[in-house]
Each structure stands twice: as structure tokens, then as C-alpha cells.
Amino acid sequence: MPVVTLPDGSQRRFDHPVTVDEVAGDIGAGLRKAALAARVNGRLVDTSYVIADDANLAIVTDKDPEGLEVIRHSTAHLLAQAVKELFPDAQVTIGPVIEDGFYYDFAFKRPFTPEDLAAIEAKMTELARADEKVSRRVMPRDEAVRFFRNLGEIYKAEIIASIPDKEQISLYGQGNWVDLCRGPHVPSTGKLKAFKLTKVAGAYWRGDSRNEMLQRIYGTAWADKKQLDAYLTRLEEAEKRDHRRIGKELDLFHLQEEAPGAVFWHPKGWTVFQCLVAYMRERQGLAGYAEVSAPELMDASLWQQSGHLQTFGENMFLTKTPDERVYAIKPMNCPGHVQIFKHGLRSYRELPVRLAEFGKVHRYEPSGALHGLMRVRAFTQDDGHVFITEDQITAEAVAITQLILSIYRDFGFEEVAIKFADRPARRVGADDIWDRAEAALKAASDAAGIQYTLNKGEGAFYGPKLEFVLRDAIGRDWQCGTLQVDLNMPERLGAYYIDEHSARRTPVMLHRAIFGSLERFFAILLEHHAGRLPAWLSPVQAVVLSITDRQDEYVRKVTESLKNQGFRVEFDLRNEKVGFKIREHTLKRVPYLLVAGDKEVAANLLAVRTRSGKDLGAMPMETFAERLRIELESRGRQVLEG
RNA sequence: GCCGGGAUAGCUCAGCUGGUAGAGCAGCGCAUUCGUAAUGCGCGGGUCGUAGGUUCGAAUCCUAUUCCCGGCACCA
């Protein structure tokens with residue numbers, strides 16, 4: 001007879017097998033109503049699950065993260081049920097839970113339209129209102145395959161047929177609709193109260209671009225209307241932070257048809273870009289890197305030798321000159337750096353040799369992949385290559401890791417996830433070389449004391465890598481930095497040094513980038529700060545405003561003086577009300593507005609206002625300059641605006 | 001690259017079933033000299049992404065094409 005232990009340690013005895021639902025009812029009517037699923041001995045089950053033996057039980061409600069998952073999963077089923085009722089010819093495939101919602105893929109003779117989406121959502125609401133009971137049953141695999149074949153659901157049948165044949169298949173049904181599913185699901189469709197279909201899109205069957213394309217319907221689902229609305233508001237907020245929108249608003253850059261995936265940097269955007277370069281130049285210099293610059297165009301034979309052309313040639317831009325030579329525009333900087341390393345005879349005494357370049361690379365990305373500054377065809381890497389002996393890998397990798405994390409902190413990114421990407425299917429070099437490279441990178445990661453997750457098969461074609469992923473202000477993740485151990489490229493390109501016994505040795509090459517792509521990092525910064533870049537990165541750090549033309553001379557003088565001190569300052573003498581000027585420059589995200597009216601001129605002061613609307617009072621220009629200087633030098637750690 | 005949607009003034013967008021393009025903001029001019037997120041009045045501005053086609057007539061319909069957007073696939 002089962003003894004059920006609840007999360008608080010209390011126990012309940014039953015003299016017969018009981019369902020989760022009954023136990024919940026035994027605890028309280030409110031809990032019974034709120035129960036969506038349960039954990040029995042750690043396993044997630046339906047409320048109809050029968051407990052026959054002693055067990056630990058935790059009721060799952062919409063307050064639990066699992067509860068929300070159950071809701072989303074069940075809403076995906078509701079979507080499929082609605083689609084089948086409205087479009088009986090559509091075939092169901094899969095419908096998993098994703099972040100904030102779910103999707104379901106259908107095979108259908110024509111694409112779903114936005115009107116279809118509205119009709120489907122209305123049908124879903126109707127089915128949820130009907131509060132149909134969701135029931136579970138089990139059948140042997142082969143029977144399940146026959147069952148779905150008979151229904152004409154060939155995709156489902158294919159999925160089930162790929163499950164090992166001894167397994168029992170669970171099916172969930174609601175109304176006259178039934179689907180294969182591991183579950184669990186909500187006890188009845190009435191539990192689904194806050195959902196919305198968001199978009200239709202194409203998606204390949206089984207995620208393989210060689211397969212046919214299905215219709216994917218995305219939706220979001222929440223415990224209640226309030227959560228749903230909060231989510232929709234969050235989407236709107238994210239849209240306002242979109243770097244493409246901010247780039248336009250602040251006149252930072254543009255893209256145009258003749259140069260897909262290549263950026264036209266405007267003066268203000270380029271100012272910020274140059275701030276990033278200057279910052280990195282300083283940090284790298286201190287870390288022992290020497291800056292170089294290698295050609296953007298090199299003979300294709302070099303790329304043949306490096307392995308790029310064979311492995312990733314379809315992503316490279318090639319050009320033929322009138323003399324019939326084929327050149328490749330560099331997609332990476334490493335071969336260039338190897339040429340510089342190779343020039344002259346290197347001694348082991350020189351190692352590590354650390355070369356860095358703000359290298360502009362071009363990659364022919366698939367047209368559908370392009371996305372603002374995040375994914376472009378022409379971009380600038382803060383690329384660096386370190387040539388070392390195998391014994392030096394650990395120490396150097398630890399130093400690089402620390403450098404990367406320290407730099408991210410300067411930009412306000414404290415949360416950094418690290419992934420270890422091991423050998424990919426398309427690669428160069430023998431397996432034993434890969435074994436050594438992966439072991440060395442693992443050892444270095446351990447020595448650096450970092451935690452990482454495995455990103456299987458995602459390494460570079462020449463070596464394993466660590467990927468550094470930033471989390472921004474609204475919780476999105478972006479891969480930026482990378483550290484790669486390469487035991488292949490130096491040998492392929494004939495690089496060597498002379499060791500202490502006068503023998504030729506092939507160096508190990510570490511590839512590393514910190515921003516990754518400057519374009520991308522720039523976009524991440526814009527979105528992270530919603531355009532309000534810290535003053536040290538702002539294209540314009542302050543604007544001096546006049547109230548009437550009586551202050552013109554004073555404003556010009558102050559502006560000139562601040563500019564001479566190295567600040568990025570402009571003035572605004574337009575014949576407009578001060579409120580109008582303040583609004584405009586606030587919208588342009590200028591950190592400080594310095595207002596000069598008759599009072600300030602008389603007292604030789606500036607009234608300082610921040611872009612967040614805070615009044616810092618009137619102060620002499622020298623005071624403002626001093627405080628701003630401290631803010632810039634501390635890279636925003638000591639902030640004037642408070 | 002694949003599926004779907006889109007492209008109209010500098011920007012955001014309207015323009016129903018074909019009859020020859022419109023708003024707000026921005027810009028320009030004039031007035032206003034003003035104290036912390038929009039002063040008022042007036043004016044100019046578009047071969048409707050590109051190339052073909054159908055038609056008496058095309059922003060609107062058809063075909064092709066480029067780019068953009070949302071996904072998928074890709075991401076050295």
C-alpha cells in the first residue's frame with residue numbers, strides 16, 4: 001500500500017493504488033485544480049499517473065518551470081488538433097517546446113497564410129474552452145506505426161518506426177485527435193488559457209536541408225494572460241533595441257543593395273568603431289602582442305596549401321586578374337600571419353611570438369544568413385595568432401582566457417558562458433594530432449579554472465576551440481571570443497623555428513579573437529545598452545546648448561576648449577527652444593547636455609544634465625571636464641551621471 | 001541556398017476590386033530670443049526596388065530579378 005512522501009517531508013498513506021490527481025485532491029481542492037503534472041520519484045508524469053508503491057511526489061503547477069513546459073507542450077498539441085480540424089489534409093510531424101513557447105511542423109499542400117493563423121488560433125481558443133479531457137494510452141511500437149499509417153500520417157509513422165521496437169509508445173488524445181508523445185500533458189485543454197500564435201515559417205523535415213520543407217507554426221504560451229502580455233511587451237522592448245533601428249536613429253551606419261552584407265560606416269558609427277579598435281590595441285599591446293597587417297588578396301595557391309580552399313572554398317570570394325591569376329580575398333587572417341612568422345629564421349628564444357591584426361575578412365555567407373551587423377559578408381576581426389612550443393600551450397591559453405574575461409568586464413559583461421568545441425566532421429589533420437590538440441586545450445581550460453559545456457563537432461577545421469558567449473542586458477547570448485589550438489596549419493604552411501638543439505621544429509599556433517567580429521560586437525553593445533553607450537564609447541560625449549543667441553560666443557568658446565582637451569563635444573546654437581534641443585540630443589543618446597543661459601555665462605558655469613534626465617547642477621567647465629575625464633579613464637566604472 | 005512576407009518622399013507608413021500618388025515627422029523659408037523631452041505659419045520633395053509583359057491606361061495584374069524582413073539550413 002503506497003506511502004506518498006511530499007516535498008516538505010510529510011507523508012500520506014493510502015490503502016490502495018492512487019492517481020496523482022487523487023493525492024492532490026487529498027491535500028486540497030485548490031491544489032487538485034492547479035495540478036498540471038507531477039514528479040513521481042523524480043520522473044515527470046501526468047496527473048492520471050497511478051502510484052502503486054511508496055513514492056516521492058511533487059505536484060507540478062503553473063508556478064513551476066516544468067508546469068510552464070507542460071502548458072507549452074500541450075498548447076503545441078492543441079495547435080495540431082486545431083490545424084487537423086480546419087485542414088484535414090495537413091499532416092502532423094513534431095511539436096516541441098522552445099524558449100518562451102513552442103512550434104509545430106506540418107506538411108501541407110500550400111503555405112499557411114496569416115489569415116489561416118488567425119483562424120487556427122480562434123479554433124484553438126474554442127477547443128480550449130471545450131475543456132476536453134487529455135487521455136494517455138500505450139501501445140507496442142509496431143502497432144503504433146500501423147495506427148498512424150492508417151490515419152495517413154506518414155511522418156508520424158516514420159518517426160515511430162525509428163524508435164527501438166521493444167519500446168512502448170505513448171499516445172495522447174483529446175477529443176477525436178491523437179498524437180504520439182512522451183508527455184506529460186495537462187489533464188484537460190481548459191488549463192490552456194494564455195497563448196498566441198506568432199509566426200509561420202518554413203522548416204526542413206528532420207532539420208536537413210536535403211529534405212522537403214514543412215510549414216512551421218510558432219506560438220507562445222504562458223500560465224496566465226498577465227505573463228503573456230508581459231512577454232509581448234518584452235518583445236516590443238527588444239525590437240526597440242534592435243541595432244539596425246538604433247543604427248538608423250543615431251546615424252551610425254547603413255547597408256545598401258549594391259553591397260549585401262557589407263557596412264557603410266557613417267562618421268558617428270566609425271568614431272565608436274575606432275574607440276573599440278583603440279581600446280583593443282591598448283590592451284593587446286600590454287599583453288605582448290605586436291600589431292601587423294597582411295594582404296587582403298593573396299594567390300589561391302596559398303589557400304590551397306592552408307586547406308581553406310578545399311574545406312570552405314564555397315564561402316570564399318575569388319577574383320581573376322587580367323594576367324589570369326586567381327586570387328582569394330582573405331576569409332581569415334591566419335595564413336597571412338604565418339607568412340609573417342615564417343619570414344626570417346625564428347629561434348625558440350623568440351617564442352611566444354604574438355601577432356595581432358584588425359583584419360578585414362570577407363566570407364560569402366548564404367544570402368539567407370545575413371542579418372544587420374550580426375552576420376555580414378565583410379567584417380573586421382580583432383584576430384591574433386600566437387606561435388609557441390607545445391609546452392607553452394597551457395600558460396599561454398590561460399593568459400588569453402584571462403585577457404578575454406577581463407576585457408568583457410570592461411564592457412560590462414560579467415556573465416560569460418564558455419563552450420568547448422571539438423573536432424568537426426570536415427577537418428584537416430590526423431586523428432592523433434586532434435587528440436593532442438583537444439587534450440592540450442582541455443588541460444589549459446582546467447588550469448585557467450573555467451567551467452565549460454561541450455559543443456560537439458563544432459570546432460574549427462584545423463583545431464578545437466573554446467567559444468566565449470556573452471549574455472546581454474536582456475538575457476540573449478552572443479558568441480564573440482574564441483581560442484583555438486592548432487597543430488595543423490603551421491605544418492601545412494611550412495612554419496618552423498630552431499630549437500635549443502639546432503633542430504627545426506613546427507610551432508603550435510593559437511588562434512584567438514576577443515571581440516570576434518567588431519561589427520557584431522558593436523551591434524551587441526548597441527543592443528545591450530539600448531543605444532545609450534557609455535560615455536567613453538559615445539560618438540558625441542556632450543553637447544553645449546545655448547538658450548538664446550546672447551550665449552553664442554560663450555558656447556563656442558566652451559566647446560572649443562573641451563574639444564581641445566580631447567573630448568568629443570559639439571554645440572547647438574540653433575534658434576530653437578532649449579526644451580526642443582534637449583529632446584533631440586536626448587533621443588540621440590548624448591550622455592551629457594551642457595546648457596548655458598545668461599546666468600551661466602555671467603557666473604562662468606555650465607548647467608549639466610544627463611541623458612537620463614538627471615540635473616547635476618551648474619558647475620565650472622573645468623569641474624565638468626575633470627569629472628568626465630575620470631569617467632572616461634575608468635571606462636564608466638566611475639560615472640558622472642550616477 | 002530553402003519556405004513565406006515585403007520594397008511607395010530623407011524616416012515611419014497609407015493608397016479598396018487598374019484611371020495617372022498622400023499623411024505625420026524630417027528638410028527649407030519666414031516670424032519668434034524663448035531656462036531643461038516637440039513655438040507658429042508657409043514651401044519644396046517621389047520615373048512607387050529593377051527589367052520585361054498584359055492593357056486605351058499599371059504603384060495596383062503577370063513574369064523574371066535584386067535587396068530587405070521572419071524562420072529553416074549554414075556560421076572556418
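Lettering follows sequence order; numbering is per chain, from 1.
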Out of C72(B), A37(B), C74(B), which has the shortest distance to the side chain of A203(A)?
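Among the listed nucleotides, the one closest to the side chain of A203(A) is C72(B).
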Given atom OH of Y204(A) and atom C1' of A73(B), what is their separation to the nearest angstrom?
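Interatomic distance, OH of Y204(A) to C1' of A73(B): 5 Å.
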Report the nucleotide, chosen from G35(B), U39(B), G70(B), that has the shortest atom-to-atom distance to any side-chain atom of I547(A).
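Closest nucleotide among those given: G35(B).
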T586(A) vs D549(A), nearer the 5' end of RNA chain B by closest nucleotide
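Taking each residue's closest nucleotide, the earlier one in sequence belongs to D549(A).
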Between the base of C72(B) and the side chain of R216(A), is one N or O donor paired with an acceptor at under 3.5 angstrom?
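Check fails, no donor-acceptor contact within cut-off.
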Say you pick atom P in G44(B) and the same atom in G6(B); how far apart are they, in whole Å?
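Looking at atom P only, G44(B) and G6(B) are 34 Å apart.
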Measure from CD on E576(A) to C1' on C28(B) and round the result to the nearest Å.
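Roughly 13 Å, once rounded to whole Å.
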In whole Å, what separates the P atom of G27(B) from that of G10(B)?
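So the two P atoms sit 14 Å from each other.
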When you compare the side chain of L573(A) with that of R556(A), does any pair of heavy atoms fall below 4.5 Å?
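They are in contact (side-chain heavy atoms under 4.5 Å apart), so the answer is yes.
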Could you state the CG-C1' distance from L117(A) to G71(B), rounded to the nearest angstrom?
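Between C1' of G71(B) and CG of L117(A): 13 Å.
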Between the base of G35(B) and the side chain of E600(A), is there a donor-acceptor distance below 3.5 Å?
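Counting by modelled atom types and ignoring angles, a donor-acceptor contact under 3.5 Å is found here.
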Could you tell me the separation between the CZ atom of R210(A) and the P atom of C74(B), rounded to a whole number of Å?
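Distance check: R210(A) CZ to C74(B) P gives 10 Å.
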So, F580(A) and A38(B): ring centres less than 5.5 Å apart, planes less than 30° off, yes or no?
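Stacking is absent between A38(B) and F580(A), given that the ring centres and planes do not meet under 5.5 Å and under 30°.
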Per-nucleotide pairing state of RNA chain B [Watson-Crick or G-U, under 3.5 Å; [ ] pseudoknot-crossing; | other strand]
(((((((..((((.....[..)))).(((((.......))))).....(((((..]....))))))))))))....
For C62(B) versus U55(B), give the span between their C1' atoms, rounded off to a whole number of Å.
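Approximately 12 Å lies between the C1' atom of C62(B) and that of U55(B).
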Which part of the nucleic acid, if any, lies within reach of N315(A) when heavy atoms closer than 4.0 Å are counted: base, sugar-phosphate only, or nothing?
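Answer is base: heavy atoms of N315(A) come under 4.0 Å of a base.
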Check whether the side chain of R377(A) and the base of C75(B) form a donor-acceptor pair under 3.5 Å.
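Looking at the base of C75(B), it does not pair with any donor or acceptor on the side chain of R377(A) (distance under 3.5 Å).
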When you compare A37(B) with G1(B), how far apart are their P atoms, in angstrom units rounded to a whole number?
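The same atom, P, in both gives a distance of 50 Å.
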M213(A) side-chain proximity, nearest of G35(B), C34(B), C2(B)
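The closest nucleotide is C2(B).
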Side-chain heavy-atom pair K588(A), P539(A) within 4.5 angstrom cut-off
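A side-chain contact under 4.5 Å is absent here.
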Which value, in whole Å, describes the distance between the C1' atoms of nucleotides G45(B) and G29(B)?
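Comparing C1' positions in G45(B) and G29(B) gives a spacing of 15 Å.
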Work out how far the P atom of U50(B) is from that of C67(B), and round it to whole angstrom.
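Their P atoms lie roughly 15 Å apart.
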P366(A) near the nucleic acid: base, sugar-phosphate alone, or nothing, with a heavy-atom cut-off under 4.0 Å?
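Counting heavy atoms under 4.0 Å across all strands, the contact made by P366(A) includes a base.
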Of the options E631(A), R627(A), Q541(A), which is the one that meets Y592(A) in a side-chain hydrogen bond (donor to acceptor under 3.5 Å, both in side chains)?
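Going through the options one by one, the only one that passes is E631(A).
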Between G70(B) (P) and L370(A) (CG): distance, integer Å
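Value for this atom pair: 12 Å.
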Indicate, with yes or no, if the rings of F413(A) and W478(A) have centres closer together than 6.0 Å.
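No: the rings miss the under 6.0 Å criterion.
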Check R471(A) with D477(A), please: is the shortest side-chain N to carboxylate O separation under 4.0 Å?
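Answer for the salt bridge query: yes.
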Take atom C1' in U20(B) and the same atom in U36(B), then report the distance between them in whole Å.
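Here U20(B) and U36(B) have their C1' atoms 50 Å from each other.
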Any residue in residues 331-342 of chain A with a heavy atom nearer than 4.0 angstrom to RNA chain B? Just list them by number, or reply none.
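Within residues 331-342 of chain A, the residues near RNA chain B are P331(A), M332(A).
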U8(B) to G46(B) separation - C1' atoms, rounded to the nearest Å:
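My reading of the C1' atoms in U8(B) and G46(B) gives 8 Å.
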For a quick check of understanding: with a heavy-atom distance under 4.0 Å over all strands, which category does K599(A) fall into, base, sugar-phosphate or nothing?
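Contact class for K599(A): base.
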Let me know which of K456(A), K465(A), R427(A) forms a salt bridge (charged side-chain N to carboxylate O under 4.0 Å, His left out) with D422(A).
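Of K456(A), K465(A), R427(A), salt bridge (charged side-chain N to carboxylate O under 4.0 Å, His left out) with D422(A) is met by K456(A) alone.
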Is E296(A) salt-bridged to K360(A), going by a charged N under 4.0 Å from an acidic O?
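Looking at E296(A) and K360(A), the cut-off is not met.
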Which listed nucleotide (G70(B), G1(B), A38(B)) is nearest to the side chain of R583(A)?
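Nearest to the side chain of R583(A) among the choices is A38(B).
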With a non-hydrogen cut-off below 4.0 angstrom, is E212(A) in contact with a base, only sugar-phosphate, or nothing?
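If one applies the 4.0 Å heavy-atom cut-off, E212(A) turns out to touch nothing in the nucleic acid.
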